[in-house]
Amino acid sequence: MAEMPITFTMILTNKTIVTMQNIEFPINLKFKIGTLANDFVATDTRGRTVAYVRQKMFKLKEDIQVFSDESKSQLNYSIKADRWLDFSAAYAFYDENDRVFGKIARKGWRSIWKAQYDIIDENDNLQYTVSEENGWIKVMDSMLGEIPILNIFTGYLFNPSYLVVDTNMKPIVRLKKQASFWGRSFDIEKVGSMDTNDDDRILLGLMMMILLERRRG
């Protein structure tokens, strides 16, 4: 079956359509604080909303909803785990018609030191790999996080970055944590050419990955 292009879409009040094809990088992911849900808003460089991402709480298996905006009036995607929480779980991407068009999978125990994930298409073919660029940042973050008072500064001192490469090891995008309390802000920067048919898989993969990695510390 032919692959159907899938896009994030939001209709603004001035009738401008924001899609994956006209988003201007970098994209900022900013977690909301003071809410029961684990949620964040994705905006492009113009400040236009790309997506509102909400993680359902108290679920044995991850269940993520991706809306067009904070009104939650239009559900564009969902991301669901294939098993209970596990180092080797895979997280499938569903479109608005509940069809799977790809997934991201953690590389099991190899991710203990440096986070590594595979982004896979709807035919289970590997397309991209996401790797943490410096594992020592996570180690130092965890160590300082155990020290009273000093632990409140970890969000400013240790800011990991993750690089997405294709099967030829060509860099595509980089996700980097920004200095902030609570580790609530991340930027996605485009560093190479990106296939427009894969935009959604890459961004959904990074969104799912950051939910997992932020919880790990």
Parallel, tilted or perpendicular: rings of Phe31 and Phe186 (30°, 60°): perpendicular
> Does a sphere of radius 6.0 Å around NZ in Lys176 hold more than 12 heavy atoms from other residues, nucleotides or ligands, not counting ones at 6.0 Å or beyond?
Replying inline: yes
Please assess Tyr162 against Glu132 for the test side-chain contact (heavy atoms from CB on, under 4.5 Å), listing each intermediate value before the final yes or no.
CA-CA 4 Å; Tyr162 307 84; Glu132 188 173 0; 3.8 Å; yes
- Message: Tell me if a side-chain donor or acceptor on Asn123 pairs with a main-chain N or O of Asn125 at a distance below 3.5 Å.
- Response: no
Rounding to 0.5 Å, atoms CD (Gln65) and CD1 (Ile79) come to a distance of 10.5 Å
In terms of hydrophobic clustering (I, L, V, M, F, W, Y; side-chain heavy atoms under 4.5 Å; direct or indirect links), are Val165 and Ile188 co-clustered? no
Hits for ring-ring contact (aromatic ring centres under 6.0 Å, His included) against Tyr52, two or more places apart or cross-chain, chain-then-number order -> none
When rounded to the nearest 0.5 Å, the distance separating CD1 of Ile119 from CG of Leu204 is 9.0 Å
Quick one: do the Gln74 and Asn76 side chains pair a donor with an acceptor below 3.5 Å?
yes
Output for pair (Leu175 CG, Ile210 CD1), nearest 0.5 Å, gives 5.0 Å
Checklist line | Same cluster (ILVMFWY, side-chain, under 4.5 Å), Leu29 and Phe25 | finding: yes
Those residues at least two apart in sequence (or on a different chain) that pass salt bridge (Lys or Arg N to Asp or Glu O under 4.0 Å) with Asp98 are none
- Query: Is the backbone N or O of Ala90 less than 3.5 Å from a side-chain atom of Asp82, with the two atoms forming a donor-acceptor pair by type?
  - Reply: yes
- Starting from the C-alpha separation in whole Å, work towards a yes-or-no answer on side-chain contact (heavy atoms from CB on, under 4.5 Å) for Glu70 and Thr49. CA-CA 9 Å; Glu70 292 182 76; Thr49 298; 5.6 Å; no
Separation between NZ (Lys190) and CD1 (Ile202), nearest 0.5 Å, reads 9.0 Å
Looking only at the side chains, is there a donor atom on one of Ser78 and Asp63 sitting less than 3.5 Å from an acceptor on the other? no
Heavy-atom side-chain proximity of Arg201 to Glu122 below 4.5 angstrom: yes
_Using only atom types and a distance under 3.5 Å, with no angle test, would you say the side chain of Asn97 pairs donor to acceptor with the backbone of Arg99?_
no
field: Side chains of Met207 and Ile64 in contact at under 4.5 Å (non-hydrogen atoms)
entry: no
Looking at Lys177 and Glu213, is any side-chain nitrogen of the basic one under 4.0 Å from a carboxylate oxygen of the acidic one? no
Report task. Ignoring hydrogens and angles, state whether a donor on the side chain of Ser193 or Lys170 is under 3.5 Å from an acceptor on the partner side chain. Result -> yes
Check: Distance-only, no hydrogens or angles: does the Asp118 side chain make a donor-acceptor pair with backbone N or O of Ile120 under 3.5 Å?
Finding: no
Checklist line | Steps toward side-chain contact (heavy atoms from CB on, under 4.5 Å) verdict (Phe93, Ile104) | finding: CA-CA 8 Å; Phe93 311 141; Ile104 185 169; 4.0 Å; yes
